[in-house]
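Residue numbers run from 1 in the order of the sequence given.
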Amino acid sequence: MRFASHRDIARALERALRRASLPVAFSAGFSPHPKISYTGAAPTGVASEAEYLELTMTEECRPDQVKDAIDAAMPDGIDVLEVVEARVTGLADRLQASVWRVEMADVDPGDAAKAVADYLAAESVEVERMTKKGRRRFDTRPAVLGIDVCDGPHGRAPGERHTTYAILRMVVRHTTPAVRPDDVLTGLRHVADLAPPSSPTMTRLAQGPLDEVTGAIADPFDADRPEAPTTESTGSAHDETNDRRTRAPRPSPMTGSRP
């Protein structure tokens, strides 16, 4: 599932909606399509536990019933974790930053920590990437709010006691052009010659409203919850807890669990 594109996920969802027989609204015109709005989709090649979308219905439905119906119809590896009724507009505007976990085999945590320190100390770290408009050069440094390096028992690959393993946890602001975790890795190579010998495993852990002071990411659904209508930060970007249902921010409504 890690290598499923955004369009693959969209097609799977549209098929699941048909199988679930939900009253989804369709656009008008010659080729009607379901009214689904995706926000901040993860790039192909990374896993994600925090993908969000907005779905328009033609009649009122209970969120828990919608969740169960879609989740049962989705293929293995794509889980619907939560559905809420939209009470305010602007979901896309609430997704201001993402928390990423990058796992790098055969990279010493000490070397990774030195490279991160050099990167964070730099005023500008420019990289090049091919975009739809051709090759583009942009500065990645302003978008990166912080990077932590896991050490100790987390510095080893699971089940491989003698394998060096570094894990980065980074908070990246959503900008234009978008700065992806692989862009940050390219920047680390430029400033400190940190080059993992194999492809890193990247996972988006969360995305939502950003606290510029603490770097914490809040739950974007807070504004839609009748019992807790607030966008105050509820989680820390430095929290190492991996339980999606207990850590802040809360999990997303749509998540590609891509092992």
Side-chain angles (χ1 to χ4, degrees), residues 1-9 40-51 75-79 97-122 125-131 135-141 143-172 177-207 237-244 255-259:
M1 288 305 303
R2 183 180 300 276
F3 298 101
S5 69
H6 168 64
R7 186 55 193 155
D8 293 331
I9 303 298
T44 303
V46 308
S48 179
E49 299 175 1
E51 297 302 294
D76 292 341
I78 308 178
D79 303 309
S98 291
V99 182
W100 297 92
R101 182 178 66 235
V102 180
E103 305 171 47
M104 302 182 292
D106 298 318
V107 173
D108 185 89
D111 295 338
K114 182 180 182 303
V116 166
D118 292 343
Y119 180 93
L120 295 178
V125 182
E126 293 190 346
V127 303
E128 286 188 357
R129 174 167 31 100
M130 183 62 70
T131 67
R135 185 166 294 277
R136 183 168 185 178
R137 187 173 186 85
F138 55 94
D139 187 7
T140 64
R141 183 61 190 88
V144 179
L145 300 176
I147 307 176
D148 292 332
V149 181
C150 297
D151 53 16
H154 299 289
R156 301 288 185 181
E160 299 181 5
R161 184 175 303 174
H162 303 292
T163 300
T164 305
Y165 205 76
I167 300 176
L168 305 182
R169 186 182 178 93
M170 60 181 70
V171 181
V172 182
V179 174
R180 308 183 312 202
D182 54 313
D183 296 324
V184 179
L185 292 181
T186 301
L188 290 172
R189 185 173 68 248
H190 288 343
V191 300
D193 198 28
L194 182 70
S198 58
S199 297
T201 301
M202 295 174 281
T203 304
R204 172 147 60 190
L205 302 179
Q207 59 174 326
H238 303 290
D239 182 11
E240 292 300 331
T241 303
N242 287 326
D243 186 350
R244 294 182 299 184
T255 166
S257 177
R258 310 174 188 176

Closest heavy-atom contact between [X] and [Y]?
X      : Y      : answer
Tyr165 : Glu103 : OH-OE1, 2.9 Å
Cys150 : Pro109 : O-CB, 3.9 Å
Arg136 : Pro177 : NH2-CD, 3.7 Å
Trp100 : Pro43  : CH2-CD, 4.1 Å
Met104 : Ala112 : CE-CB, 4.3 Å
His6   : Thr44  : N-OG1, 4.4 Å

Would you find a donor on one side and an acceptor on the other, under 3.5 Å apart, between the side chain of Arg141 and the backbone of Leu120?
yes

Could you check whether any side-chain N or O of Glu128 sits under 3.5 Å from a backbone N or O of Arg135, counting only pairs where one atom can act as donor and the other as acceptor?
no

Using the test side chain to side chain contact (heavy atoms under 4.5 Å, CB included), find all partners of [X] that sit at least two apart in sequence or belong to another chain.
X      : result
Arg7   : Ser5, Ala10, Arg11, Glu14
Asp182 : Arg180, Met202
Ala143 : Val172, Thr175, Val179

Using atom types as modelled, flag every donor-acceptor pair under 3.5 Å from a side chain in residues 191-201 to any protein atom, sequence neighbours excluded.
none

Who are the side-chain hydrogen bond (donor to acceptor under 3.5 Å, both in side chains) partners of Arg129, not counting sequence neighbours?
Asp183

Checking Ser98 now: which residues fulfil side-chain hydrogen bond (donor to acceptor under 3.5 Å, both in side chains) with it, not counting sequence neighbours?
His174, Arg204

Among pairs that include at least one residue of residues 112-121, which meet salt bridge (Lys or Arg N to Asp or Glu O under 4.0 Å), considering only residues two or more places apart or in two chains?
Lys114-Asp118

Can you measure from [atom1] ([X]) to [atom2] ([Y]) and round to the nearest 0.5 angstrom?
X      : Y      : atom1 : atom2 : value
Met1   : Asp76  : CE    : CG    : 9.5 Å
Glu49  : Leu205 : CD    : CG    : 5.5 Å
Leu168 : Leu188 : CG    : CG    : 6.5 Å

Using the salt bridge (Lys or Arg N to Asp or Glu O under 4.0 Å) criterion, which residues pair with Glu126? Sequence neighbours excluded.
Arg137

Can you name the salt bridge (Lys or Arg N to Asp or Glu O under 4.0 Å) partners of Arg189, sequence neighbours left out?
none

Would you please test Val184 and Ile147 for side-chain contact (heavy atoms from CB on, under 4.5 Å) and show each step?
CA-CA 10 Å; Val184 179; Ile147 307 176; 4.0 Å; yes

